[in-house]
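None of these values were measured; they are calculated from a predicted model.
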Amino acid sequence: QVQLVESGGGLVQAGGSLRLSCAASGQTFSGYAMGWFRQAPGKEREFAAAISGGGSSIRYADSVKGRFTISRDNAKKTVYLQMNSLKPEDTAVYYCAARRSVFITLVGSGYDYWGQGTQVTVSS
């Protein structure tokens, strides 16, 4: 079993930056592709970014491409989401997810473990 704990969320002004972290407890972290999803109030959960087990493959939603950067440190069992040039529409609860595969997927149902979420609020 994998337990995921997100941190780093908070309140930031538009144009600002936040760095989210997701710390994993358990074994075989490098064997799991990792993803970040977000859910805004009244909306469905949506894909934001994903990274393969070794970090060689990365995908972003078009809405965040060029502004967000996903990375991972397998030695620390941690995945990060650096969020720059934040916009009010980025406001959401951000969830970290792990998939029992080294290969990424953009579909939330393809992930097996989920963190509790961390709130990101971007003010204008």
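At least one side-chain heavy atom of R67 sits less than 4.5 Å from a side-chain heavy atom of D90. Residues R19 and Y80 meet the side-chain proximity criterion, which asks for heavy atoms closer than 4.5 Å. In this structure the side chain of Q13 never reaches within 4.5 angstrom of the side chain of V122, judged on heavy atoms. Side-chain contact between F29 and K76 is absent, with no heavy atoms from C-beta onward closer than 4.5 Å. At least one side-chain heavy atom of V79 sits under 4.5 Å from a side-chain heavy atom of I70. In this structure, W114 and L4 have side chains that are not in contact, with every pair of non-hydrogen atoms separated by 4.5 Å or more.
Side-chain polar atoms of E89 and T91 form no donor-acceptor pair below 3.5 angstrom. A donor-acceptor contact closer than 3.5 angstrom links the side chains of S17 and N84. In this model, no donor atom of one side chain and acceptor atom of the other lie less than 3.5 Å apart for Q39 and E44. Using modelled atom types, one finds a donor on one side chain and an acceptor on the other under 3.5 Å when comparing R38 with Y94.
A14 and S124 make their closest contact through CB-CA, 4.3 Å (heavy atoms, listed as atom of the first residue, atom of the second, distance). The shortest heavy-atom contact between Y111 and G35 is CE2-N, 3.6 Å.
Rounded to the nearest 0.5 angstrom, C96 SG and Y113 OH are separated by 13.0 Å. Here the straight-line distance linking atom OG of S30 with atom NZ of K77 works out to 9.0 Å at 0.5 Å rounding.
At least one test fails for R100 against the ring of Y32: distance under 6.0 Å to the centre or angle within 45° of the axis.
Around atom CZ of R45, more than 12 heavy atoms belonging to other residues, nucleotides or ligands sit under 6.0 Å away. Annotation: Q3, atom CD; neighbour count of heavy atoms from other residues, nucleotides and ligands within 6.0 Å does not exceed 12.
When the side chains of ILVMFWY residues are joined at heavy-atom separations under 4.5 Å, either directly or via intervening members, I51 and L81 end up in a single hydrophobic cluster. Transitive grouping of hydrophobic side chains (ILVMFWY, heavy atoms separated by less than 4.5 Å) brings V120 and M34 into a common cluster. Note on I58 and F68: same hydrophobic cluster, where clusters join Ile, Leu, Val, Met, Phe, Trp and Tyr whose side-chain heavy atoms are under 4.5 Å apart, directly or indirectly. Residues V2 and W36 fall within the same hydrophobic cluster, defined by Ile, Leu, Val, Met, Phe, Trp and Tyr side chains chained together at heavy-atom separations under 4.5 Å. One hydrophobic cluster, built from ILVMFWY side chains closer than 4.5 Å, holds both V12 and L20.
R99 places no side-chain N or O within 3.5 Å of a backbone atom of S109 that could act as its donor or acceptor partner. A donor-acceptor pair under 3.5 Å is absent between the side-chain atoms of E6 and the main chain of T118, judged by distance alone. With Q119 contributing its side chain and G9 its backbone, the two residues share no donor-acceptor pair below 3.5 Å. Using modelled atom types, no side-chain atom of S52 and backbone atom of A33 make a donor-acceptor pair closer than 3.5 Å.
Taking the six-membered ring for Trp and the full ring otherwise, the centers of F47 and Y60 sit at least 6.0 Å from each other.
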